[in-house]
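Encoded as structure tokens, the structure appears first; notes follow it.
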Amino acid sequence: MKKEKRPSNKPTNNQLQPMKGADVVVKCLENEGVDTLFAYPGGQAIDLHNALTRSKKIRVILPRHEQGGGFMAQGYARSTGKVGVCMATSGPGAMNLLTAISDAYMDSIPLVAITGQVFQSLIGKSAFQETDVFGMTLPVVKHSYLVLNAEELPRTIKEAFLIAKSGRPGPVLIDIPKDVQQKVFIPDFGVKPDLPGVKPIPKASDAELKKLLELLANSKRPVIYAGGGIIASDASKELREFSNLMGIPVATSLMGIGSVDPMVNNNLYWFGMHGTFAGNRTVLESDLLIALGTRFSDRVTGTVSKFAPRAKIVHVDIDFAEQNKNVKISLGICSEIKYALSRLLSLVKKEKFRAPDFSEWYANIAQLKAKFPFPFAREIRKNITAPDAIASLYKVSGGKPIVTTGVGQHQMWTPQNFIFSRPRQFISSLGAGTMGFGLPAAIGVKAARPQETVVDIDGDGSFQMNIQEMATAVAERLPVKVLLLNNQFLGMVMQWEDLLFGGTRGNTVLSIDPDNIGGPENIEAIYPDYCKIAEGYGWKAARVVKKEKLDAEMEKMLKSKEPYLLEVVVEHDTHVLPFIPPGKSAQEIITSDSKK
């Protein structure tokens, strides 16, 4: 008699076991290819963290502050183009993510932020650590979700990643109540996203692109203005080819740095408030400005009425809402920028289009470059200046590291003295201008690209805002470097005080004794001692004061296999120049320091 075959209790591909909502979240993240998550636990996120302990695919990095975790996720995203993922608990944990979320929104960085929330029965009742993070984030995200039905988790997470990385990238919030995390159910991981409002990626028509070429044919002084959209869409190769083929000079925004090589003859590096003199004057004098993947920030345009006043402006961007928003344009093309450039190249070759002779225009540009060359000339001082230190890093490193920055004078001096020639090499908070960005962003970059040397160039003011993340670097064995430029001041605000307020100091001195400021000539008065702080966190550290020791100390930092802080004591009274004051234009650019 044959033995009857009993059905197996093991689930098949089409038959899943019941799972807790928290485990479903983790599985969904794995399905989206998430390999690194920056997450800080708490009461309303503990189920999610418990579920993460069972994942074999996701590395969880514990920051020391939720804002630090958000910036780490941004460093990961900015350096790879992938979606960065961060997580926090409810209430203050979620609120600490807000700055990082708004920062990602301003710079169009793909980010998914997951927050725990109180039980649904307690929402709206002022429960312990309850905040309406859904409502609070609405102005600074592409979309916010409050998941009230556990069965909706797979669809929600798929949609969040799709929204974050499609079209113009940006942050998405997913707020998950505790009872949703704890509910046991059979998930449907095959569910399809339900986004009827999402339109197909826009693509430029040949007719629109031919209009652009017609404007170019009638131009004598054209300039390409390239923004962060070039890097977000991986269109640097196409931009460089189009620029070279047509002979058009390229000026970038700070977000567009690295999209072209600034040392190539037809490039102007970046323009705007502290950009190159040649870049600003060339855009000012242009008769055709081809803006690609950018939003015309006020730091670029200055006074709009005086911005490129004689130029016809063509704006090619994936976000239709940006066209005619800040400046009036002659031709708007709503398109994914990589497609638009690829199609432009095809049309140029097919139609055998030849641009006019721009030799006279280039002769004018050459004169501007000769007057104020790049890399910028540095003021020779007795002691080390911040530009000296950044130039030393570039020379000793050969320009190879990925560089993050905090926010302040050092942020502007960095691209002035370190030549960035490839995309995703300069990583900084540019739209929001968030101090404290540099160190956690560097940690996120290093987690994503462990083979790269990653250096945070920071100021003593900005660095202290997330200094606690030094512990994260050690605990996670992520040997980032910090070049700390210590001038004992909030340098950028101090500069504005010097140039706009007659040098009156309004709480910009960081020294413990404003009447006894530390510096190269008064080392004993420097406070705090950053080398001792670094050593307390388990970092290697050194301080350099004398110029003749700078290069050797820089080399020691770069060769270290451990996290390393090099504190460089710099002169405090140097200014970032050129400078276009607020409310002014490139016509009123300041190139010399009147205070000296």
Side-chain angles (χ1 to χ4, degrees), residues 38 40 61-75 78 84 86 88 92-107 109 111 113 140 386 403-414 427-446 454-474 478 480-496 506-512 526-534 536-537 539 541 563 565-568 570 572:
F38 305 91
Y40 201 96
I61 291 180
L62 171 67
R64 268 44 180 182
H65 189 283
E66 291 91 351
Q67 186 187 104
F71 289 149
M72 289 174 198
Q74 274 205 57
R78 289 175 188 250
C86 54
M95 292 301 94
N96 285 340
L97 280 183
L98 268 176
T99 300
I101 291 170
S102 65
D103 192 287
Y105 183 76
M106 289 290 286
D107 285 350
I109 305 302
L111 186 78
V140 291
V403 173
T404 68
T405 77
V407 170
Q409 285 179 309
H410 63 277
Q411 181 189 31
M412 299 297 107
W413 273 319
T414 294
I427 292 173
S428 191
S429 168
L430 297 164
T434 312
M435 295 174 71
F437 178 89
L439 174 60
I443 292 170
V445 173
K446 189 66 177 176
V454 182
V455 181
D456 166 34
I457 299 177
D458 229 321
D460 51 320
S462 185
F463 183 63
Q464 290 186 82
M465 289 204 170
N466 272 312
I467 197 170
Q468 74 285 340
E469 300 308 338
M470 297 183 87
T472 305
V474 173
L478 296 169
V480 297
K481 322 295 180 192
V482 172
L483 174 58
L484 181 63
L485 306 175
N486 187 356
N487 67 358
Q488 298 281 285
F489 278 85
L490 295 173
M492 187 60 85
V493 186
M494 175 198 69
Q495 171 169 327
W496 284 38
N507 308 305
T508 50
V509 184
L510 293 174
S511 172
I512 194 170
I526 289 181
Y527 176 88
D529 188 329
Y530 290 101
C531 289
K532 284 185 178 179
I533 293 172
Y537 275 115
W539 284 48
L565 179 140
L566 179 61
E567 178 192 10
V568 182
V570 298
H572 76 273

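Because the structure is predicted, anything quoted here is derived from the model rather than measured.
Taken to the nearest 0.5 Å, the CD atom of Q67 stands 11.0 Å off from the SG atom of C86. Remark: T405 OG1 to L439 CG distance equals 12.0 Å, nearest 0.5 Å. In this structure, OG1 in T404 is found 10.5 Å from CZ in R78, a value given to the nearest 0.5 Å. Going from atom CG of L478 over to atom NZ of K446 covers 8.0 Å, rounded to the nearest 0.5 Å. For the atom pair W539 CH2 and I533 CD1, the distance stands at 12.0 Å (nearest 0.5 Å). The structure places CD of E567 at 12.0 Å from NZ of K532, a figure rounded to the nearest 0.5 Å.
Across all non-hydrogen atoms, the minimal contact from D103 to S429 is OD2-OG, 2.5 Å. Among all heavy-atom pairs drawn from A113 and L97, the shortest one is CB-CD1, 4.3 Å. The minimum heavy-atom distance between V480 and A442, with the atom names listed, is CG1-O, 3.5 Å. The two residues F437 and Q74 make their nearest non-hydrogen contact at CE1-OE1, 3.8 Å. The two residues G68 and P63 have their closest heavy-atom pair at C-CB, 4.3 Å. Nearest heavy-atom pair across H572 and M494 is O-CE, 2.7 Å.
In this structure the side chain of W413 never reaches within 4.5 angstrom of the side chain of L485, judged on heavy atoms. Side chains of F71 and I443 form no contact here, defined as non-hydrogen atoms less than 4.5 Å apart. Counting heavy atoms from C-beta outward, S462 and H410 have side chains that approach closer than 4.5 Å. Side-chain atoms of D456 and F463, non-hydrogen and from C-beta on, do get closer than 4.5 Å to each other. The closest side-chain heavy-atom distance from Q411 to M492 is not below 4.5 Å. You'll find the side chain of M106 stays beyond 4.5 Å of the side chain of T434, heavy atoms only. No side-chain heavy atom of Q495 sits less than 4.5 Å from a side-chain heavy atom of F489. Side-chain contact check for I526 versus Q488: some heavy-atom pair is nearer than 4.5 Å.
Although no hydrogens or angles enter the test, the distance criterion places a donor-acceptor pair under 3.5 Å between the side chain of E469 and the main chain of H65. Side-chain atoms of Q464 come within 3.5 Å of backbone N or O of D460 as a donor-acceptor pair. The backbone N or O of Y40 lies less than 3.5 Å from no partner atom in the side chain of E66, so there is not a single donor-acceptor pair.
Counting heavy atoms of neighbouring residues, nucleotides and ligands inside a 6.0 Å radius, atom OH of Y105 does not exceed 12 of them.
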